*Asks:* 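Below is one structure. I have some questions about it.
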Amino acid sequence: MRLFDTHCHFDFDVYKRNFNAHLSEACLAQVERFLVPSVGPSNWVRVRQLADDFPAIYSALGFHPCFLAETHTDQLKQLDELLDLSVRRCVAVGECGLDGKIDIPEWQQETMFIGQLELAKNHKLPLILHGHRTQNRLLQLLKRHKFTGGGILHAFSGSYQQAMQFVELGFYIGVGGVITYPRANKTRKAVSQLDLDCIVLETDAPDMPIKGHQGLANHPKYLPLILSCLSELNGNDEQLIANTVWNNSLSVLNIDE
Ligand SMILES: [Zn+2]
Ligand SMILES: [Zn+2]
């Protein structure tokens with residue numbers, strides 16, 4: 001069995017000491033590939049470096065909506081140039097999107113999101129979407145700007161109908177630790193109804209603790225717990241799910257292995 005953590009912030013400080021040990025722990029849990037999304041110019045160098053140093057790691061470059069305070073639109077040009085230079089190991093633009101629970105003004109979030117969506121079009125890259133409480137608005141913007149390059153709606157939570165609107169636009173649904181909580185009724189029901197062909201798995205480590213591991217930094221080594229929860233929800237066996245979501249992960253990120 002091989003698993004792909006399609007969203008983990010492996011560049012964050014919590015993993016910096018003994019990074020190799022963290023990577024081996026994940027590999028022992030059969031998590032063999034990682035997509036490390038960036039949050040903005042502050043970690044582009046580190047994320048690119050990880051992807052250069054470790055064949056198991058791929059990167060995404062972009063501006064996370066929650067980290068926009070010290071950025072300005074001129075930096076989109078920087079991102080454009082960086083995407084030209086990073087072709088091999090940078091497989092997506094992101095994470096980018098909108099967050100409904102932060103103080104950054106909506107206009108600023110939307111300007112940066114639209115800028116990145118246009119860059120993704122030009123560089124023919126998929127998007128890693130962050131849509132906390134903003135999924136409907138994201139859909140509107142993707143449609144209005146005729147984005148057809150697909151990608152991953154990460155940390156999905158919501159109804160089956162909402163998920164399918166993204167699937168219809170060519171996106172995969174990033175399923176993470178939220179499904180391990182029985183109180184996440186709506187999301188668990190939605191995920192149980194989704195076709196395996198549109199699902200990828202993620203931990204969002206160090207965020208999104210998995211049930212039973214609250215209070216600790218999340219880790220990609222816990223991805224198998226999400227897999228087994230998904231298996232309980234949709235009744236497919238773990239091996240079948242693992243194979244399918246592995247292929248989905250390579251396919252959405254255009255990785256040829
Ligand atoms: Zn996110
Ligand atoms: Zn993230």
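Just so you know, these numbers use all the heavy atoms, side chains as well, and skip hydrogens, waters and symmetry mates. Atoms within a ligand are numbered from 1 in the order they appear, just like the ligands themselves. Start at 1 with the first residue, then count along the sequence. Computed from a predicted model, the values in this text were never measured in an experiment.
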*Asks:* Are Phe19 and His22 near enough that their ring centres are under 6.0 Å apart?
*Replies:*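 Between Phe19 and His22, the centre distance exceeds or equals 6.0 Å.
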*Asks:* May I ask you to check whether His9 and Tyr15 place their ring centers less than 6.0 Å from one another?
*Replies:*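 They do not qualify: ring centres at least 6.0 Å apart.
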*Asks:* Do Gln49 and Asp53 have a side chain donor and acceptor closer than 3.5 Å?
*Replies:*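 Note: Gln49 and Asp53 side chains meet the donor-acceptor criterion.
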*Asks:* Enumerate the ring-ring contact (aromatic ring centres under 6.0 Å, His included) contacts for residues 29-53, please, sequence neighbours excluded, ordered by first and then second residue.
*Replies:*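 As it turns out, the ring-ring contact (aromatic ring centres under 6.0 Å, His included) pairs with a partner in residues 29-53, which skip direct neighbours, are Phe10-Phe34, Trp44-Phe63.
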*Asks:* Listing request: all ring-ring contact (aromatic ring centres under 6.0 Å, His included) pairs with a residue in residues 170-196, at least two apart in sequence or in separate chains.
*Replies:*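 Not a single pair qualifies under ring-ring contact (aromatic ring centres under 6.0 Å, His included).
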*Asks:* Only counting residues at least two apart or in another chain, list the ones meeting salt bridge (charged side-chain N to carboxylate O under 4.0 Å, His left out) with Glu25.
*Replies:*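 Applying salt bridge (charged side-chain N to carboxylate O under 4.0 Å, His left out) to Glu25 gives Lys221.
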*Asks:* Are there any protein N/O/S atoms under 2.8 Å from the Zn ion (ligand 1), and if so, which?
*Replies:*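 The answer is Glu95 OE1, His130 ND1, His154 NE2.
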